[in-house]
Amino acid sequence: EWQRKIETIAASVQASLNLEDGPLWSVAYFDLGSNRPGRLLFVVHHLAVDGISWHPLLEDLETAYQQLKAGHAVQPPPKTFSYKAWAEELQEFANTDSLRKEMSYWRTVTEPLHLPGVLGPLEVDGASAKNTEGAAATVKVSLTAGETDALLHQVPAAYNTKINDVLLTALARAWAQWSGSRVLFTNLEGHGRENLFEDADLSRTVGWFTSIFPVRLQMPETGPDWQPGEVLKSIKEQLRQIPQRGIGFAILRYLRADSGLSARAEPPMVFNYLGQFDQVLAGSKLFRFAPESTGPWHSSKQRRRHAL
């Protein structure tokens with residue numbers, strides 16, 4: 001019963017976060033007795049962390065643990081560029097001529113789509129659609145070890161591509177087969193920690209840096225039997241045309257009133273490649289990932305921003 005108990009408590013800890021009054025983070029330790037390793041559950045609101053933040057957080061915790069165990073005072077490594085300073089730099093960057101030149105690109109990407117079937121099966125009536133977390137369903141598909149190796153190592157080496165290129169090619173082909181449209185209109189999610197400023201070392205900065213930006217990817221005009229290699233080359237080249245890996249879109253949208261992007265409709269889906277998350281604990285001597293559920297990450301009442 002201890003597994004069910006862990007999951008029940010985890011759900012309670014997740015629901016305990018409160019943006020207005022706190023807490024923004026909570027930690028629970030589960031003592032499973034002398035013959036099982038304990039469990040340590042970290043729950044932090046997304047406003048305070050992103051996926052990359054977990055590496056310095058867990059590294060610092062392990063360092064502090066080892067220092068205390070040895071009877072020493074806790075001495076964490078030096079911090080890097082602050083989140084506040086990053087926000088101030090973005091505000092200044094929003095008004096530069098170099099970013100202003102991106103406006104025409106993003107206006108073109110977000111122009112109302114007139115091609116039939118571009119939104120396809122995801123085009124729903126906003127007034128009647130109940131797009132909440134509780135009404136959503138999750139579909140999980142796993143790759144074999146061989147397929148994963150090909151995705152991570154063989155295909156990028158053969159086609160000089162990144163993993164995102166391959167995954168988005170698969171998505172574009174699936175979308176075309178499902179919707180009948182050669183145009184994939186989706187949001188992409190990136191880590192947002194781009195090298196925009198010379199003095200900004202974000203390697204140990206904790207915060208939410210995620211950037212989200214729209215893309216329009218078009219399949220080649222070769223009919224229904226697209227060869228994967230041909231499509232991959234085309235999608236790769238289209239992705240390379242995105243300026244500064246997309247970070248400029250949100251800066252223009254939210255920090256520059258004359259961009260005209262704030263009222264543009266969002267794509268109905270969002271794509272995110274989280275990376276190899278197991279690398280977060282690659283060098284740890286203290287932690288490994290536990291198999292139990294961490295509890296629901298969202299309230300069932302929360303409205304979702306995207307249909308897919």
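Here the structure is a predicted model, which means the values were calculated and not measured.
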In Å and rounded to the nearest 0.5 Å, what is the CD to CZ distance from Glu266 to Phe213? 13.0 Å
Side chain Arg39, main chain Pro37, donor-acceptor under 3.5 Å: yes
Aromatic centroids of Phe197 and Trp86 separated by under 6.0 Å: yes
Residues Ala176 and Met219: closest non-hydrogen pair is CB-CG, 4.3 Å
With side chain to side chain contact (heavy atoms under 4.5 Å, CB included) as the test, would you mind laying out the steps for Gln244 and Glu194 before giving the verdict? CA-CA 8 Å; Gln244 300 192 91; Glu194 307 297 346; over 6 Å; no
To the nearest 0.5 angstrom, please state how far the NE2 atom of His191 sits from the OG atom of Ser211. 7.5 Å
Separation of Arg264 CZ from Glu111 CD (nearest 0.5 Å): 6.5 Å
On a heavy-atom basis, which atom in Glu230 and which in Pro220 lie closest, and how many Å separate them? OE2-CB, 3.8 Å
Taking C-beta and beyond as the side chain, do Arg193 and Asp50 meet within less than 4.5 Å on heavy atoms? yes
Check whether any side-chain heavy atom of Asn272 sits under 4.5 Å from a side-chain heavy atom of Thr210, and report yes or no. no
In Å and rounded to the nearest 0.5 Å, what is the CD1 to CD distance from Ile6 to Glu292? 4.5 Å
Between Leu239 and Leu217, is there a side-chain heavy-atom distance shorter than 4.5 Å? yes
In the structure I gave you, are the side-chain heavy atoms of Leu167 and Leu151 within less than 4.5 Å of one another anywhere? yes
Do Leu122 and Phe185 make a side-chain contact, defined as non-hydrogen atoms from C-beta onward lying under 4.5 Å apart? no
Output yes when a side-chain donor or acceptor of Glu62 lies under 3.5 Å from a complementary backbone atom of Leu286, and no otherwise. yes
In terms of hydrophobic clustering (I, L, V, M, F, W, Y; side-chain heavy atoms under 4.5 Å; direct or indirect links), are Leu61 and Val44 co-clustered? yes
Indicate, with yes or no, if Phe30 and Leu40 share a hydrophobic cluster defined by side-chain heavy-atom contacts under 4.5 Å among Ile, Leu, Val, Met, Phe, Trp and Tyr. no
Sidechain N-carboxylate O distance under 4.0 Å for Lys162, Asp165: no
Do side-chain atoms of Arg256 reach the backbone of Asp258 as a donor and acceptor pair under 3.5 angstrom? no
Just wondering, more than 12 heavy atoms not from Lys236 lying within 6.0 Å of its NZ? yes
Point-to-point distance, once rounded to the nearest 0.5 Å, from CG of Asn18 to OG of Ser26: 12.5 Å
Would Tyr29 and Leu281 show up in the same hydrophobic cluster when neighbours are defined by side-chain heavy atoms closer than 4.5 Å? yes
From CA spacing to verdict: side chain to side chain contact (heavy atoms under 4.5 Å, CB included), Asp199, Glu89: CA-CA 10 Å; Asp199 61 334; Glu89 292 272 15; 3.8 Å; yes
Over all heavy atoms of both residues, which pair between His306 and Pro267 is shortest? Give the atoms and the distance, please. CD2-O, 3.3 Å
Smallest heavy-atom separation, Pro214 atom then Val109 atom, equals O-CG1, 3.6 Å
Evaluate whether atom CH2 of Trp25 has more than 12 neighbouring non-hydrogen atoms of other residues, nucleotides or ligands under 6.0 angstrom away. no
Val215 and Leu168, any side-chain heavy atoms less than 4.5 Å apart: no
Sequence-distant partners of Arg107, side-chain hydrogen bond (donor to acceptor under 3.5 Å, both in side chains), two or more places apart: none
Leu184 side chain reached by Met269 side chain, heavy atoms, under 4.5 Å: yes
Kindly work out whether a path of hydrophobic side-chain contacts (I/L/V/M/F/W/Y, heavy atoms less than 4.5 Å apart) joins Leu171 to Ile242. yes
Hey, does Leu232 have a side-chain heavy atom less than 4.5 Å from the side chain of Val155? yes
Would you compute the distance between atom CD of Glu102 and atom CG of Asp97 and round it to the nearest 0.5 angstrom? 12.5 Å
With side chain to side chain contact (heavy atoms under 4.5 Å, CB included) as the test, would you mind laying out the steps for Phe209 and Leu202 before giving the verdict? CA-CA 10 Å; Phe209 290 85; Leu202 301 173; 3.9 Å; yes
Stepwise side chain to side chain contact (heavy atoms under 4.5 Å, CB included) test for Val27 and Val43: CA-CA 6 Å; Val27 182; Val43 176; over 6 Å; no
Ser234 side chain to Gln238 side chain, donor-acceptor N/O pair below 3.5 angstrom: yes
Check whether any side-chain N or O of Gln67 sits under 3.5 Å from a backbone N or O of Gln75 as a donor-acceptor pair, and report yes or no. yes
Lys233 and Glu237: CA distance, side-chain angles, deciding distance, salt bridge (Lys or Arg N to Asp or Glu O under 4.0 Å) verdict: CA-CA 6 Å; Lys233 292 176 186 175; Glu237 293 308 316; over 6 Å; no
Distance-only, no hydrogens or angles: does the His46 side chain make a donor-acceptor pair with backbone N or O of Val49 under 3.5 Å? yes
Test your reading of the model: is there a side-chain donor-acceptor pair from Thr80 to the backbone of Thr205, 3.5 Å cut-off? yes
What heavy-atom pair brings Gly295 and Gln14 nearest, and what distance separates the two atoms? O-NE2, 4.0 Å
Taking only residues two or more places apart in sequence or in another chain, which ones pass ring-ring contact (aromatic ring centres under 6.0 Å, His included) with Phe249? Trp106
Checking the side chain of Ser53 only, and the main-chain atoms of Gly207 only, is there a donor and an acceptor separated by less than 3.5 Å? yes
Is there a path of hydrophobic side-chain contacts, each under 4.5 Å between heavy atoms, that joins Phe93 and Tyr254? no
Can any side-chain N or O of Asp31 pair as donor or acceptor with the backbone N or O of Gly38 at less than 3.5 Å? no
Atom CG of Asn160: over 12 foreign heavy atoms under 6.0 Å: no
Where is the tightest heavy-atom contact between Thr161 and Arg240, given as atom of each residue plus distance? CA-NH2, 4.2 Å
